[in-house]
Amino acid sequence: CISGVDPLTSGEIRFLGERIDRLASREIARRGMGRTFQHVRLLPTMSVLENVAIGAHLRGDKGVVSAALHLERGEEARLLAEAKRQLERVGLGEHLFDEAGSLPLGQQRILEIARALAADPCLLLLDEPAAGLRYLEKQSLAELLRKLRSEGMGILLVEHDMDFVMGLADRVVVMNKGEVQQVGTPLEIYDRPANTFVASFIGNPAMNLIPGIVQAGTFTAPGMTIPGFAAPDGPVTLGFRAEDAHVAATGEVTIPCPLN
C-alpha cells in the first residue's frame, strides 16, 4: 500500500508531508520512493546494466519506450551511465554485461536495489530482502544497507529474519496479524519483549514470561499472587530475566515490574 502497488483499505499515507495513497505507484516513485519485492522481479535474459537502466528511466525526459527503441541516443546514453554508476555503488560493477538471470540470488537481490537506486529515491522499501539468502550473502546485503544508511538513505525493511534485523535496524516495529506488538530499538525489544509473541518471535531464551491477570492491584497467576501491583485491571504478562530476580534467604522471589 505504501508504494501504491496495492490499494489502501482505510486511513491515509503521507510521504514528505504529502498525501500519496491516491497516487499511482509511478507517481509515488517520482516523489522519491523506491522499492524491491519479496520475489525477485528481474528480466533474466537482459544484461545487468539494462535491468538497472529500466529503473533509471524515471529520471529521463523521453520515457522508457523511446530509450528502449534507441529513439533518443543522448537520453539512452545518460540513463546507461546512471545505471553503471549505481551498479558500481552497490559492488556489481564487474557484472555490467552479464545476464541478470545468471547471477546468484544474493547478487540478484542487490541488483534489484541498484535498479531502485537508479530512480534517485530518498526512501527504500525492502520486502524480505534476506529471504533465501545464505549467511555470507546476508552479510554482503547488510553491509550494503549500512553503507546506504550512512549516505543518508532512509530504509524501511520488512523482514522475518530477526538476526538480520536486530543487527541492522535502528528502530524495530514488531507486528502480528496487522497489529503492532512493540516498538523500540533492537536492544529494547530483545532485552524487554512486550509479550509472549514478541519473546518467541525474537528468540530470547533468557526471558521468563508469566501470563496472568491483575484485579484490584493484585497480580494472579498459577501458583503466584503478587499484591500491590501498579497496573490496570486485566490480562498482563509478567516478564523478567533470571538474572534480574532476587531470591531472599527465606526463599521469597522478588522480580521486576510487568511488561504489558
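- Ion pairing between K138 and D163 fails under the 4.0 Å rule for side-chain N and carboxylate O.
- Closest of all the heavy-atom pairs between A53 and A83 is N-CB, 3.6 Å.
- Put simply, the side chain of H95 reaches to within 4.5 Å of the side chain of L103, judged on heavy atoms.
- Following chains of ILVMFWY side-chain contacts shorter than 4.5 Å, one can reach M162 starting from L126, so the two form part of one hydrophobic cluster.
- Heavy-atom neighbours of E151 CD from other residues, nucleotides or ligands within 6.0 Å: above the threshold of 12.
- The two atoms that bring G132 and L105 nearest to each other are O-CD2, 3.6 Å, heavy atoms only.
- Counting only heavy atoms from C-beta outward, the side chains of Q108 and E112 never approach each other to under 4.5 Å.
- Using a 4.0 Å cut-off between charged side-chain N and carboxylate O, E27 and R31 make a salt bridge.
- Taking 4.5 Å as the limit, every side-chain heavy atom of V174 sits out of range of all side-chain heavy atoms of P193.
- Between V48 and Q107, the closest side-chain pair of non-hydrogen atoms is not below 4.5 Å.
- For the 3.5 Å distance criterion, the side chains of S47 and E50 qualify, holding a donor opposite an acceptor.
- We find the CG-CD1 distance between L144 and I155 to be 7.5 Å, quoted to the nearest 0.5 Å.
- A salt bridge does not link E143 to K147: none of the charged side-chain nitrogens sits closer than 4.0 Å to a carboxylate oxygen.
- A side-chain donor-acceptor contact under 3.5 Å links Q182 to the backbone of A194.
- Closest non-hydrogen pair, A169 versus P186, comes out as O-CG, 3.2 Å.
- When all heavy atoms of S10 and L8 are compared, the closest pair comes out as O-CG, 3.2 Å.
- The shortest heavy-atom contact between L111 and A100 is CD2-CB, 3.8 Å.
- Tracing side-chain contacts under 4.5 Å through hydrophobic residues (I, L, V, M, F, W, Y), one never reaches I54 starting from M33; they form parts of separate clusters.
- With contacts defined as side-chain heavy-atom distances shorter than 4.5 Å, the pair N176/V198 does not qualify.
- The CG atom of L23 sits 5.5 Å away from the CD1 atom of I28 when rounded to the nearest 0.5 Å.
- Side-chain contact check for M166 versus I189: some heavy-atom pair is nearer than 4.5 Å.
- Using modelled atom types, no side-chain atom of E12 and backbone atom of D21 make a donor-acceptor pair closer than 3.5 Å.
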Query raised in the report: Passes side chain to side chain contact (heavy atoms under 4.5 Å, CB included), E82 versus Q86? Steps please.
Result: CA-CA 6 Å; E82 177 61 25; Q86 296 301 338; 2.7 Å; yes
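- The distance from atom CG of L96 to atom CG of N51, rounded to the nearest 0.5 Å, is 12.0 Å.
- Put simply, F201 and M175 are part of two different groups of oily side chains (I, L, V, M, F, W, Y) that touch within less than 4.5 Å, one to the next.
- Hydrophobic clustering, with ILVMFWY side chains joined whenever heavy atoms are under 4.5 angstrom apart, keeps V5 apart from F15.
- Looking at L157, V158, T36, I2 one by one, the single match for side-chain contact (heavy atoms from CB on, under 4.5 Å) with L125 turns out to be I2.
- In this structure the side chain of S3 never reaches within 4.5 angstrom of the side chain of F37, judged on heavy atoms.
- L141 has its side chain within reach of F164: a pair of non-hydrogen atoms, C-beta onward, lies under 4.5 Å apart.
- For R134, the CZ atom counts as loosely surrounded, since its 6.0 Å shell holds 12 or fewer non-hydrogen atoms of other residues, nucleotides or ligands.
- Separating the CD atom in E94 from the CG atom in L87 is a distance of 12.0 Å, to the nearest 0.5 Å.
- When all heavy atoms are compared, the tightest approach of G34 to P121 is N-CB, 3.5 Å.
- Remark: side-chain polar atoms of E88 are not paired, donor with acceptor, to backbone N or O of G93 under 3.5 angstrom.
- One N or O on the side chain of E159 and one on the backbone of D161 form a donor-acceptor pair closer than 3.5 Å.
- Between the CG atom in L168 and the CG atom in L145 there is a gap of 5.5 Å [rounded to 0.5 Å].
- A single hydrophobic cluster is seen to contain both L123 and L16, as judged by linkage of ILVMFWY side chains at heavy-atom distances under 4.5 Å, directly or through other members.
- Between the side chain of R89 and the main chain of L148, no donor-acceptor pair closer than 3.5 Å is present.
- Here CG of L80 is found 14.0 Å from CZ of R85. Values are rounded to the nearest 0.5 Å.
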